[in-house]
Amino acid sequence: MLELLTGTGLALAAGLNAWIPLVAIGALDRFTGLIELPPQWAWLSNEWVLLILVVLLIVEFVADKVPGLDSMNDIVQTFVRPTAGGLAFGSGVSATTTAVTDPEAFVTSQQWVPIAIGVGLALLVHLAKAMARPVVNAATAGIGAPVASAAEDAGSFALAFAAILAPVLVVLGIVLIAALVIIAVRRRRRARSARHPSTAP
């Protein structure tokens with residue numbers, strides 16, 4: 001159960017920021033004794049992999065705080081964040097990664113299931129974030145972009161570390177994200193209604 005909560009928390013964190021959970025996993029494995037990645041995921045703690053992840057994290061950190069550029073970044077991240085979520089969930093539940101030389105064997109072995117779950121969770125969070133950001137930008141003339149982005153980064157950081165250090169707290173994160181998704185959807189609908197008011201008498 002704790003492994004599932006760990007994987008879920010990491011995947012949800014990746015939906016907000018692709019690189020924070022991956023950097024957290026790799027760095028904690030390499031520099032502390034708090035976690036120990038299984039051999040098939042040890043590459044996440046490689047020095048060069050960590051360096052690349054940190055550079056990508058800095059790029060996204062900056063791009064996501066610039067109005068206009070943040071929406072373009074969200075388009076690109078539609079592919080990146082779910083992939084990171086799959087990797088994060090897989091590492092969190094100790095999924096096995098192998099070279100897929102026999103697709104049929106890979107499917108029947110169920111090795112793809114944890115990765116697919118992580119992809120789905122991260123994608124849901126990413127889509128909610130991507131829908132909410134244009135509404136925030138429009139409502140605040142772009143001033144809210146860095147504030148919203150900083151809050152999302154903080155949420156990703158908190159989720160990632162809660163998933164690793166106190167997985168039970170992930171339940172609280174799930175509740176908060178569900179509430180934020182509902183709020184984002186409602187605001188999106190209101191903004192759409194404001195742009196296209198009903199013409200009915």
Side-chain angles (χ1 to χ4, degrees), residues 7-27 41 43-92 95 97 100 112 114-161 163 173 176-178 180-181 183-185 187-189 191-192 195:
T8 298
L10 291 170
L12 294 175
L16 293 170
N17 186 305
W19 314 113
I20 286 176
L22 297 182
V23 170
I25 295 167
W41 293 99
W43 57 272
L44 280 171
S45 61
N46 178 275
E47 289 179 351
W48 288 105
V49 171
L50 278 173
L51 179 60
I52 292 169
L53 290 175
V54 168
V55 170
L56 292 171
L57 173 57
I58 293 170
V59 170
E60 179 169 0
F61 183 84
V62 173
D64 198 49
K65 291 171 177 58
V66 180
L69 185 58
D70 58 350
S71 295
M72 293 176 60
N73 180 57
D74 280 338
I75 293 172
V76 174
Q77 294 294 329
T78 300
F79 304 98
V80 178
R81 289 177 187 144
T83 301
L87 293 174
F89 191 97
S91 65
T97 53
V100 184
W112 58 274
I115 295 172
I117 292 172
V119 168
L121 290 172
L123 180 61
L124 286 174
V125 175
H126 163 73
L127 291 176
K129 166 183 160 61
M131 286 191 305
R133 184 58 64 83
V135 176
V136 171
N137 287 345
T140 63
I143 297 174
V147 177
S149 178
E152 291 159 2
D153 290 341
S156 179
F157 184 88
L159 268 172
F161 277 85
L176 288 174
I177 286 178
L180 290 173
V181 168
I183 291 170
V185 170
R187 286 185 177 175
R188 181 85 173 189
R189 286 178 179 169
R192 201 174 282 172
R195 288 195 304 267

Please step through salt bridge (Lys or Arg N to Asp or Glu O under 4.0 Å) for the pair Glu152 and Lys65, ending with a clear verdict. CA-CA 11 Å; Glu152 291 159 2; Lys65 291 171 177 58; over 6 Å; no
With side chain to side chain contact (heavy atoms under 4.5 Å, CB included) as the criterion, how do Leu123 and Leu127 come out once you've worked through the C-alpha distance, each side chain's angles and the decisive distance to 0.1 Å? CA-CA 6 Å; Leu123 180 61; Leu127 291 176; 4.0 Å; yes
If I compare all heavy atoms of [X] with all of [Y], which pair ends up nearest, and what's the gap?
{"X": "Gly26", "Y": "Ser45", "value": "O-CB, 3.4 Å"}
{"X": "Val54", "Y": "Val23", "value": "N-CG2, 4.2 Å"}
{"X": "Gly85", "Y": "Ala11", "value": "O-CB, 3.7 Å"}
{"X": "Pro82", "Y": "Ala122", "value": "CA-CB, 3.8 Å"}
{"X": "Gly15", "Y": "Val125", "value": "C-CG1, 3.7 Å"}
{"X": "Ala145", "Y": "Pro67", "value": "CB-CG, 3.9 Å"}

Can you find a pair of side-chain heavy atoms, one from [X] and one from [Y], that are under 4.5 Å apart?
{"X": "Ile115", "Y": "Leu87", "result": "no"}
{"X": "Val136", "Y": "Thr140", "result": "yes"}
{"X": "Asp153", "Y": "Leu16", "result": "no"}
{"X": "Met131", "Y": "His126", "result": "no"}

Does Phe161, at its CZ atom, have more than 12 non-hydrogen atoms belonging to other residues, nucleotides or ligands within less than 6.0 Å? yes
Check each of Val119, Leu10, Thr8 against Phe89 using the side chain to side chain contact (heavy atoms under 4.5 Å, CB included) test, and report the only one that passes. Thr8
Between Asp64 and Ser149, does any side-chain donor sit less than 3.5 Å from a side-chain acceptor?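 Side chains of Asp64 and Ser149: pair found under 3.5 Å.
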Given the rule in the side chain to side chain contact (heavy atoms under 4.5 Å, CB included) test, do Trp19 and Val80 qualify, once you have shown the distances and angles that lead to the verdict? CA-CA 9 Å; Trp19 314 113; Val80 178; 3.4 Å; yes
For Ser156 and Ala13, indicate whether the former's side chain and the latter's backbone hold a donor-acceptor pair under 3.5 Å.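 Yes; judged by distance alone, with no hydrogens or angles, the pair exists.
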Donor-acceptor pair, distance only, cut-off 3.5 Å: does the side chain of Thr78 make one with the backbone of Asp74?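 Yes; at least one donor-acceptor contact below 3.5 Å.
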Could you work out, with side chain to side chain contact (heavy atoms under 4.5 Å, CB included) as the rule, every residue matching Val66, not counting sequence neighbours?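 Partners of Val66 under the side chain to side chain contact (heavy atoms under 4.5 Å, CB included) test: Leu69.
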Residues in side chain to side chain contact (heavy atoms under 4.5 Å, CB included) contact with Ala158, at least two apart in sequence or another chain: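 Once residues adjacent in sequence are excluded, Ala158 has no partner under the side chain to side chain contact (heavy atoms under 4.5 Å, CB included) criterion.
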Only one of Lys129, Arg133, Gln77 clears side-chain hydrogen bond (donor to acceptor under 3.5 Å, both in side chains) with Asp70; which? Arg133
